[in-house]
Amino acid sequence: MPSDIRVRIAPSPTGPLHIGTARTALFNYLFARHTGGTFVLRLEDTDVARSTAAFEKDILDGLHWLGITWDEGPGVAGVEEAGPYAPYRQMRRLDTYAEAAAHLLATDQAYPCYCLPEELEADRRAQEAAKLPARYLGRCAALTAGERAAKAAEGRPAATRFRVRPGVVGWNDLVRDRVEIDTANLGGDFVIVRGDGNPLYHFTVVVDDAAMEISHVIRGEDHVSNTPKHILMFEALGHTPPVFAHLPLILNPDGTKMSKRKSQTAVADYIAQGFLKEALVNYFAFMGWSPGTEEEVFSLAELAERFELEKVQKGGARFDRERLKWVNGQWIRRLGDEDLVSRLMPFLEAAAVAGQIDRTPGEDEVRALLPMVRERLPTLAAIVDVVGYLWVDDLAVDPAAIIPKRWDAATTHDALAAARAALVAHDAVTWEADELEPPLRALVESWGWKAGDLFMAIRVATTGKTATPPLFDTLVALGRERTIARLDAAIERLAETA
RNA sequence: GCCCCCAUCGUCUAGAGGCCCAGGACGCCACCCUUUCAAGGUGGAGAUCACCGGUUCGAAUCCGGUUGGGGGUACCA
């Protein structure tokens with residue numbers, strides 16, 4: 001059913017896609033999809049100095065990668081820009097802001113301010129020294145036309161200040177109920193257009209949200225204090241304010257606002273480390289929201305079906321990487337074979353480029369490995385740790401590491417030699433896990449060893465690791481020839497040691 | 001400083017006056033399975049529901065205060 005609900009995500013291309021932005025985008029997306037509304041993406045690129053095309057691409061690509069789609073804005077369905085409210089980039093909407101500012105000026109809801117930055121800075125310092133709250137003193141609030149002309153003649157640039165009316169501004173926040181703030185605490189009349197003519201964020205969001213008929217503003221809690229300013233401007237522009245919903249913040253593990261300094265904040269980094277989009281989306285959704293049941297694993301579509309703003313938490317949520325890893329493992333186990341293989345390939349290719357492995361295996365080879373690796377992968381990148389030794393030409397194994405705790409070098413040497421003999425005697429055609437185990441078990445039996453000791457010595461000798469998938473499956477994957485070769489190398493080194 | 005918001009196991013959370021001397025999940029510990037590592041199974045430790053006062057027959061749930069934490073206070077976004 002059609003709906004008048006319109007929500008938006010408005011990222012600034014001043015940095016790579018941040019987890020906080022992705023989370024806010026996700027909640028807006030879920031709300032839009034759940035209600036049958038429209039989801040808009042608008043780029044807030046007015047900070048020209050810090051905005052770049054590369055960041056813009058990273059943000060749009062990252063959101064797309066997560067499976068988050070929008071109905072209007074840049075990059076819809078591969079198109080440059082789509083939607084009835086275009087353009088969706090603020091730098092192309094400058095005339096809209098100029099028009100709105102002119103209107104506020106004409107109706108005296110805003111006025112030109114000729115105060116210099118140094119003067120404002122001095123005021124602020126004085127207020128701080130007097131332990132008073134910082135606020136604009138209103139020096140230019142009641143200038144006569146003549147006084148304005150005189151200031152302008154001095155060569156002072158004119159910024160535009162919005163008149164803050166006295167009183168209390170309140171709204172019914174969808175996640176935190178009624179919020180009321182006295183405008184006396186807003187810091188006085190605030191600037192909406194800089195002296196150089198560039199509009200400021202607080203002003204552009206409001207003008208755009210009004211112009212684009214945004215019905216619900218769903219954003220981070222860090223904007224709660226700014227909301228009264230926005231409501232005042234919506235009113236001044238003659239527009240009914242949208243409904244607001246302020247989401248709890250994602251916090252660093254120490255409880256402070258998430259930052260690059262203390263956490264990994266770029267979505268691209270999580271992608272590079274082998275986290276699945278399903279896991280990221282699932283985890284993000286559960287930071288601040290829960291279905292109210294004991295279910296934990298949800299797909300994007302399932303989330304959209306269940307999502308309700310009313311069930312959003314008020315308090316901030318600390319980012320817990322361990323939990324993300326668990327969710328990631330859950331999703332890796334749920335993926336179909338073909339899907340998993342294709343997602344694994346890029347990581348194998350990257351490992352080859354990085355020199356961690358000497359060749360990139362084929363898809364068939366990787367697919368055959370799935371039964372033994374799937375539940376051992378906390379992330380896609382972990383594939384290299386789990387079975388990377390399969391694609392290494394020269395495995396340098398420290399002979400000391402091969403020797404089990406209960407054994408010495410000589411015993412290990414003899415045991416491996418015996419194992420090698422047993423394996424060499426085995427027919428190459430029937431080199432299967434079920435076939436390899438009995439002869440080695442028999443060996444253990446006749447020598448009176450612990451099976452674990454022999455298996456561990458073989459494991460380390462052939463893989464260089466003490467933790468691998470089941471040994472016989474590993475040897476099968478390695479192949480008869482390389483198994484024997486690696487055993488030979490180990491035996492030789494042990495002979496030198498002993 | 002001033003304004004605003006928040007407050008249930010270490011973490012994410014369930015809980016909307018009696019079903020709660022508080023449930024689930026991650027993590028942690030133990031055991032089982034087992035050639036290692038995972039995965040899985042079972043069990044366990046872990047929260048006097050921040051504190052203090054109210055309201056009520058009855059409060060984690062309502063009210064007030066305190067404390068703690070967070071956010072905001074720009075001619076940044």
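Order of the sequence lines sets the chain letters (A, B, ...), proteins ahead of strands, with each chain counted from 1.
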Reading nucleotides 72-77 of chain B from 5' to 3' and marking B where a protein heavy atom lies under 4.0 Å of the base, S where only the sugar-phosphate is that close, and - otherwise, the string is S--BSB
From the candidates B/rC12, B/rG71, B/rC2, the one with an atom nearest any side-chain atom of A/Arg318 is B/rC12
Across every strand shown, the nucleotide meeting Watson-Crick or G-U wobble geometry with B/rA45 (both distances under 3.5 Å) is none
ask   = With respect to the phosphate group of B/rC37, does any side-chain polar atom (N or O) of A/Thr468 fall under 4.0 Å of OP1 or OP2?
value = no
Residue set satisfying ring pair (Phe, Tyr, Trp, His ring centres under 6.0 Å) with A/Phe284, at least two apart, ordered chain then number -> none
Of B/rC12, B/rA39, B/rU35, the nucleotide closest to the side chain of A/Arg323 is B/rC12
Picking from B/rG1, B/rA25, B/rG70, the nucleotide nearest the side-chain atoms of A/Lys131 would be B/rG1
The ring pair (Phe, Tyr, Trp, His ring centres under 6.0 Å) partners of A/Trp70 (sequence neighbours excluded) come to A/His64
Salt bridge present between A/Arg323 and A/Glu296 (N-O < 4.0 angstrom): yes
On a plain distance test, is the side chain of A/Arg176 in donor-acceptor contact with the base of B/rC5 below 3.5 Å? no
Practice task
Please report the C-alpha distance between A/Leu63 and A/Ile59 in whole Å, then the side-chain angles of each, then the deciding distance to 0.1 Å, and finally whether the side-chain contact (heavy atoms from CB on, under 4.5 Å) criterion is met.
Solution key: CA-CA 6 Å; A/Leu63 290 174; A/Ile59 291 167; 4.2 Å; yes
Under a 3.5 Å limit on both distances, the Watson-Crick or wobble mate of B/rC26 is B/rG10
